[in-house]
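Note that the coordinates shown come from a computational prediction; the quantities given were computed from them, not determined experimentally. Letters A, B, ... are given to chains in the order of the sequence lines, protein chains preceding strands, and every chain is numbered from 1.
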2 protein chains.
Amino acid sequence: MVSVHAVDIDRTSETPTYRQVANILRERIRSGELKRGDQLPSVHALVIETGLADATIRSAVRVLKDEGLVRTAPGRGVFVC
Amino acid sequence: MVSVHAVDIDRTSETPTYRQVANILRERIRSGELKRGDQLPSVHALVIETGLADATIRSAVRVLKDEGLVRTAPGRGVFVC
DNA sequence: TCTCATTTGTTCGTATGTATC
DNA sequence: AGATACATACGAACAAATGAG
């Protein structure tokens, strides 16, 4: 598991919150902070950290999944591809 | 669960899209294709199949619910009465 | 084997804002 | 003004897979 650090969401931004979360996570992958096989913070952890709703976090994960950057494993977590 | 088959929406029709969806589902119930207790396609499945928005599909389901043709069960699905 | 906590998956409900016709 | 449609966001419940013990 990799710690989450700050996930700062700008509620006033034009960018939807779920895309902000996706952008932050994507940048961590791109930068190498999150490497292949690393587990992302769980949906629950991100809910706590961001104060956003469960469904909103799931939307963010879906974006990265659709981009092929991560894969989800039911009962285990979300992992960098 | 019952498969969805084609759900053809006519964007140019006078009939609102949500009513078109309601009409199609109603006809499947009337014809016996969908029987008492059968589960309708989920909102998500219909969103994918029709290309319409979540809220639009929900409007269609609400029509059938108001007519007493179906009942909704949160976390489970929509079922024929 | 069984139980429990964790985690993702799936489902409907509700509300708000915006755009279009 | 009103109806329709879409996007976003949050709430809630249930299911299924996993792993620890």
DNA chain D contacts made by [range], counting heavy atoms under 4.0 Å:
| range | value |
| --- | --- |
| residues 13-21 of chain A | A:Pro16, A:Thr17, A:Tyr18 |
| residues 66-81 of chain B | B:Gly75 |
| residues 52-59 of chain A | A:Leu52, A:Ala53, A:Ala55, A:Thr56 |

Atom CZ of A:Arg62 and atom C1' of C:dT11 are separated, to the nearest Å, by 14 Å
### Query
For the pair made of CG in A:Leu46 and P in C:dT6, what is the distance, rounded to whole Å?
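Going from A:Leu46 (CG) to C:dT6 (P), I get 16 Å.
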Closest heavy-atom pair and its distance - [X], [Y]:
| X | Y | result |
| --- | --- | --- |
| A:Arg71 | A:Cys81 | N-SG, 3.6 Å |
| B:Gly37 | B:Phe79 | O-CD2, 3.5 Å |
| A:Asp8 | A:Ile24 | O-CD1, 3.8 Å |
| B:Ser42 | B:Ala45 | OG-N, 3.0 Å |

State the [atom1]-[atom2] distance between [X] and [Y], to the nearest 0.5 angstrom.
| X | Y | atom1 | atom2 | answer |
| --- | --- | --- | --- | --- |
| B:Leu25 | B:Leu40 | CG | CG | 5.5 Å |
| B:Leu64 | B:Leu69 | CG | CG | 6.0 Å |
| A:Ile57 | A:Thr50 | CD1 | OG1 | 3.5 Å |
| A:Thr15 | A:Gln20 | OG1 | CD | 5.5 Å |
| A:Arg26 | A:Ile29 | CZ | CD1 | 8.5 Å |

A:Ser42 has its side chain closest, among D:dA9, C:dT8, C:dT11, to C:dT8
Quick one: do the A:Ser59 and A:Arg62 side chains pair a donor with an acceptor below 3.5 Å?
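Side chains of A:Ser59 and A:Arg62: pair found under 3.5 Å.
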*asked:* Less than 4.0 angstrom between a side-chain N/O of A:Lys65 and OP1 or OP2 of C:dT8, yes or no?
replied: no
